[in-house]
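To start, the structure under review is shown below, and the notes come after it.
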Amino acid sequence: MSGLRVRAVGAVVTICDEGRPGRMRWGVPASGPMDPGGLAALRRAVGPGPAIEVSLGGLEFAVEGAPCTLAVAGGGFEVRRNGLDVSAPCAFGAFPGDVVRIAPARRGGAWAYLGAPGGFDAPLWQGSAATHVSSGLGGGVLEAGMLLRFGAPRIDYAAQGPIPVPERPAGPFRLVLGPQDRHFPPEAIGTLLSAEWRATARGDRMGMGLDGPPVRPDGALSIPSEPLVRGAVQVNGEGRVTVLAADHQTAAGYPKIAVMVAADHGRFAQLRPGDRVRFRAVTPKEGVALVREGDHPIG
Amino acid sequence: MGERGLLLTFGADAEDRAAREAVRAADAALGAAAPGWLLEAVPSYVALLIVFDPLATDHEGVAAFIDAMAPAGGRAPAPKEWEIPFCPANGYAPDLSEVAARTGLAEEEVIATFCAATFEVAMLGFAPGYAYLAGLPEALRLPRKSAPVPSVARGSVIVAGAQALVMTLDLPAGWWRIGRSPMKLLLPEAEGVSPLSPGDAVRFRAIPAAEMPS
């Protein structure tokens with residue numbers, strides 16, 4: 001048996017793949033990576049197969065049984081093999097007895113991706129190893145002491161080295177207003193688009209609450225539970241704003257003032273508590289054009 | 001809804017049965033037409049979310065397709081009928097005595113009233129396999145609790161407002177627990193996650209604790 005023996009692990013470090021889209025009609029969100037671009041960068045180094053999404057809580061493991069190339073991509077994390085910095089994002093050889101530690105670096109980023117050629121053995125649910133955290137379905141949440149078995153361990157010299165990561169656009173996160181923007185007075189929309197927001201620690205794989213001024217709808221709304229999507233900007237009764245993420249609930253009765261374009265989901269997920277956030281409205285047409293310009297893959 | 005979604009709304013009131021039927025008809029018609037750009041359709045009480053491939057069409061294209069489709073009229077598939085067994089005995093129904101107290105009924109009357117009702121699956125959503133069952137009798141309607149219970153066992157039969165639901169996972173819930181069902185409503189490896197579909201009719205049948213799996 002060969003694989004990674006977990007020595008220490010933070011909260012919400014999970015098995016991950018591209019997710020299971022297309023099942024919201026049964027209450028199942030797509031799940032999958034918080035930062036799709038981070039997982040895509042990992043794929044360029046080690047190919048498909050179940051990978052690990054590492055949270056700000058970090059991960060430390062020992063390699064057991066067989067040598068294998070490992071890769072780490074995604075947000076700003078420092079990766080040390082036997083105490084030496086391997087300069088992530090990169091792929092490197094790991095050998096039985098090696099101890100690898102993945103921890104948040106000083107520069108920003110909240111989610112990193114760890115993979116190996118052939119992936120890790122993980123249970124599938126509905127065709128995907130992606131973890132749905134609130135149910136524990138899918139690959140699951142990592143715990144100290146467990147062995148993550150390699151799927152097909154091998155050293156891939158050609159893959160080893162730095163992983164190229166395309167520059168990300170900076171600037172405001174782009175929102176398509178609606179579907180319930182008509183229930184908000186113009187001042188509320190103005191507040192959403194002009195205020196400086198702050199990312200908070202009230203964040204997990206389901207969504208992130210933002211600190212900022214209240215965004216109040218016209219009167220108390222009673223919307224029958226209706227579908228939600230990742231990126232939906234939901235406003236609760238007190239006017240507090242939450243942006244839904246990969247493991248979002250698939251329905252709710254809170255008004256959704258806007259939806260963030262998918263091209264910005266990964267960059268938003270990589271925010272750390274306290275990071276500044278600004279929004280800008282784009283039309284639905286401009287949102288479609290962003291996809292067609294290849295700013296982001298479907299999903 | 002975002003750059004790849006369109007939300008069609010057919011009403012404003014969850015109790016509007018015609019709106020629910022219109023949602024199901026549009027969902028069925030869209031499913032039958034199966035346009036190549038359709039990634040998924042998500043029915044709810046009064047709204048249908050259409051998720052499309054923005055490389056293949058756009059919001060206007062989807063809206064035009066729906067307008068052209070409407071006159072032909074979709075017909076939802078014939079609803080199925082389900083009987084869900086549940087046990088309202090001690091230990092499985094921690095809120096039954098309080099529901100009885102708050103509704104002014106005896107516990108047996110709560111269960112008899114509940115079992116006499118025919119529910120309609122209004123939508124699946126929130127969490128995997130959660131089926132919102134519309135049609136809770138007036139006599140049993142209570143507002144949800146002021147604070148949710150942190151972990152309600154899967155299988156729990158819970159009620160609030162005009163609705164009932166059978167929990168499929170151990171999750172928090174602020175509704176009232178009046179029993180537990182041994183029926184599997186989350187089918188991990190089946191096609192489609194849940195056996196229930198919007199529009200299906202559901203009745204409950206009370207079973208003794210001896211029939212519950214240990």
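A note on names: the letters A, B, ... follow the listed sequences, proteins ahead of strands, and every chain is numbered from 1. As the structure is a prediction and not an experimental result, all values here were calculated from the model.
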Run the side-chain donor-acceptor check on residues 124-143 of chain B: report pairs under 3.5 Å with partners two or more places apart or on a different chain.
{"from": "B/R141", "atom 1": "NE", "to": "B/L136", "atom 2": "O", "distance (Å)": "2.9"}
{"from": "B/R141", "atom 1": "NH2", "to": "B/L136", "atom 2": "O", "distance (Å)": "2.9"}

- Query: With respect to chain B, which residue among A/T283, A/V259, A/L177 yields the maximal number of heavy-atom pairs within a distance under 4.5 Å?
  - Reply: A/V259
- Message: Counting only non-hydrogen atoms closer than 4.5 Å, does B/D16 touch chain A with its backbone (N, CA, C, O), its side chain (CB onward), both, or neither?
- Response: neither
- Task: Please name the pair of heavy atoms, one in B/A56 and one in A/R292, separated by the smallest distance, quoted to 0.1 Å.
- Result: C-NH2, 4.3 Å
- Task: Mind listing the closest non-hydrogen atom pair of B/M123 and A/S225 along with its distance?
- Result: SD-O, 3.6 Å
- Do you know which two heavy atoms are closest between A/Q126 and B/L187, and how far apart they sit? NE2-O, 3.6 Å
- Could you tell me whether A/R267 atom CZ has more than 12 heavy atoms of other residues or ligands within 6.0 Å of it? yes
- If you draw a 6.0 Å radius around CZ in A/R149, do more than 12 non-hydrogen atoms from other residues or ligands fall strictly inside? no
- Message: Quick check on B/K145: does its NZ atom have over 12 non-hydrogen neighbours (other residues, nucleotides or ligands) under 6.0 Å away?
- Response: yes
- Query: If you measure from OG on A/S135 to CG on B/L186, what distance do you get to the nearest 0.5 Å?
  - Reply: 8.0 Å
- Among all residues two or more places apart in sequence or in another chain, which pass the ring pair (Phe, Tyr, Trp, His ring centres under 6.0 Å) test with B/F10? none
- Part of B/M1 within contact of chain A (heavy atom distance under 4.5 Å): both
- Do the side chains of B/L169 and A/S134 get nearer than 4.5 Å, heavy atoms only? no
- Item | Atom CZ of A/R202: over 12 foreign heavy atoms under 6.0 Å | yes
- Message: Which one wins on heavy-atom pair count under 4.5 Å against chain B: A/H248, A/E286, A/H132, A/K256?
- Response: A/H132
- Message: Less than 4.5 Å to any heavy atom of chain A: does that hold for the side chain of B/A122, its backbone, both, or neither?
- Response: neither
- B/L49 versus A/V229: any side-chain heavy-atom pair under 4.5 Å? yes
- Task: Please name the pair of heavy atoms, one in B/D13 and one in A/P224, separated by the smallest distance, quoted to 0.1 Å.
- Result: C-CG, 4.0 Å
- Could you tell me which of B/L48, B/L6, B/T57, B/T9 has the largest number of non-hydrogen atom pairs under 4.5 Å with chain A? B/T57
- Pair A/K285 + B/E60: basic N to acidic O under 4.0 Å: yes
- Item | Check: A/L228 and B/V42 side chains under 4.5 Å, non-hydrogen atoms | no
- Where does B/E3 contact chain A at under 4.5 Å (heavy atoms): side chain, backbone, both or neither? both
- Item | B/V193 side chain near A/R25 side chain, heavy-atom distance below 4.5 Å | no
- Message: Are the side chains of B/L39 and A/P21 in contact, using a 4.5 Å heavy-atom criterion?
- Response: no
- What part of B/T168 is in contact with chain A, defined as an atom under 4.5 angstrom from a non-hydrogen atom: side chain, backbone, both or neither? neither
- Note on the structure: Most contact-rich option vs chain B, by heavy-atom pairs under 4.5 angstrom, among A/D247, A/L175, A/V176, is A/V176
